[in-house]
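Structure record follows, encoded as structure tokens.
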Amino acid sequence: AALPDQAALQVRMLQTELMVGALTCNQRTDYNMFVTRFQPQLTKQGKQLQAFFKHSHGARATTELNDFVTRIANESARRGMVKRGAFCRGTDRIHANARSLAAAELPQFASLQNFSGQHGILPCHTKVAQKAALTK
């Protein structure tokens with residue numbers, strides 16, 4: 001996945017983590033404020049994510065995207081069940097830190113979260129580097 005795709009994946013990871021926190025930790029008010037505040041950025045990143053899945057999976061894009069969203073939500077929920085206190089403190093801290101963000105800072109903020117890379121989709125720069133090494 002290219003850098004814009006990685007950003008979209010990480011923003012989705014963040015949004016999913018906070019959505020699970022809304023349900024698991026009774027943080028619905030914070031989640032609703034987050035979604036309202038960052039709606040334009042969430043929409044932009046959501047469209048990037050859809051484009052990435054369309055490019056990667058063609059006709060199966062919608063199914064693959066839905067499977068991806070379900071998988072990351074289940075993983076967040078699993079962590080929320082295993083260590084609920086720590087999970088809820090984490091999502092609470094994310095909400096507190098996000099309140100001072102400008103909308104444009106959301107992708108960078110998402111990339112800094114400890115779960116941001118757990119989407120399981122590798123960045124493509126490794127392929128580019130491998131290809132460059134082979135052509136030398």
Side-chain angles (χ1 to χ4, degrees):
L3 288 177
D5 301 325
Q6 284 292 316
L9 289 162
Q10 292 167 344
V11 167
R12 188 58 201 226
M13 294 290 293
L14 174 62
Q15 184 178 1
T16 300
E17 189 87 349
L18 296 179
M19 179 189 67
V20 171
L23 301 171
T24 303
C25 312
N26 199 21
Q27 297 172 344
R28 287 173 187 84
T29 302
D30 286 333
Y31 178 73
N32 290 339
M33 286 172 29
F34 174 86
V35 169
T36 301
R37 178 146 187 246
F38 293 105
Q39 188 63 54
Q41 188 62 252
L42 294 171
T43 299
K44 176 184 173 187
Q45 297 299 330
K47 287 179 179 168
Q48 178 71 36
L49 193 61
Q50 289 172 336
F52 168 69
F53 272 82
K54 188 158 183 54
H55 175 78
S56 301
H57 300 286
R60 292 193 38 79
T62 302
T63 302
E64 292 292 332
L65 179 56
N66 289 340
D67 289 350
F68 167 76
V69 170
T70 300
R71 181 174 56 79
I72 64 172
N74 287 342
E75 177 55 26
S76 288
R78 187 193 63 76
R79 286 186 287 107
M81 285 187 285
V82 172
K83 293 185 177 176
R84 185 173 178 173
F87 180 85
C88 292
R89 285 190 299 278
T91 52
D92 197 43
R93 189 169 45 254
I94 291 168
H95 281 298
N97 292 332
R99 286 184 191 108
S100 62
L101 288 181
E105 296 173 309
L106 188 63
Q108 172 68 19
F109 179 72
S111 75
L112 298 174
Q113 304 309 312
N114 61 358
F115 51 81
S116 70
Q118 294 178 3
H119 49 69
I121 299 172
L122 296 174
C124 65
H125 59 76
T126 55
K127 291 179 188 168
V128 172
Q130 288 170 342
K131 191 173 184 180
L134 293 173
T135 57
K136 285 183 179 174

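These values consider heavy atoms only, across backbone and side chains, with no hydrogens, waters or symmetry-generated copies. Everything quoted here is computed from the prediction, not taken from an experiment.
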Closest contact, heavy atoms only, [X] versus [Y]:
X      : Y     : value
Pro107 : Val11 : CA-CG2, 3.7 Å
Ala73  : Thr16 : CA-CG2, 3.5 Å
Ser111 : Gln10 : CB-OE1, 3.1 Å
Phe87  : Val20 : CZ-CG1, 3.7 Å
Gln15  : Tyr31 : NE2-OH, 3.4 Å

Separation of [Y] [atom2] from [X] [atom1] (nearest 0.5 Å):
X     : Y     : atom1 : atom2 : value
Arg89 : Ile94 : CZ    : CD1   : 13.0 Å
Asp67 : Thr62 : CG    : OG1   : 10.5 Å
Thr70 : Glu75 : OG1   : CD    : 13.5 Å
Gln45 : Asp5  : CD    : CG    : 9.5 Å

side-chain hydrogen bond (donor to acceptor under 3.5 Å, both in side chains) against [X], all qualifying residues, sequence neighbours excluded:
X      : result
Gln39  : Thr43
Gln108 : none
Thr29  : none

| query | Between Thr24 (side chain) and Gly21 (backbone), is there a donor-acceptor pair under 3.5 Å? | reply | no

| Does the Thr91 side chain pair with the main chain of Cys88, one donor and one acceptor, at a distance under 3.5 Å? | yes

| Do the ring planes of Phe34 and Phe38 sit parallel (below 30°), tilted (30 to 60°) or perpendicular (above 60°)? |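 Rings of Phe34 and Phe38: tilted, 30 to 60°.
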
| request: Evaluate the ring planes of Phe68 and Phe53, with Trp represented by its six-membered ring, and classify them as parallel (under 30°), tilted (30 to 60°) or perpendicular (over 60°). | output: tilted

Tell me, do [X] and [Y] make a side-chain contact under 4.5 Å, heavy atoms counted?
X      : Y     : value
Val35  : Leu18 : no
Phe115 : Ile72 : no
Gln27  : His95 : yes

| note | With sequence neighbours left out, the residues meeting salt bridge (Lys or Arg N to Asp or Glu O under 4.0 Å) with Arg84 are none

| task | Would you list the pairs meeting salt bridge (charged side-chain N to carboxylate O under 4.0 Å, His left out) in which at least one residue belongs to residues 49-63, sequence neighbours left out? | result |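 Applying salt bridge (charged side-chain N to carboxylate O under 4.0 Å, His left out) to every pair that reaches into residues 49-63, excluding sequence neighbours, yields Arg60-Glu64.
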
| query | Which residue pairs pass the salt bridge (charged side-chain N to carboxylate O under 4.0 Å, His left out) test with at least one member in residues 10-37, sequence neighbours excluded? | reply | Glu17-Arg79, Asp30-Arg99

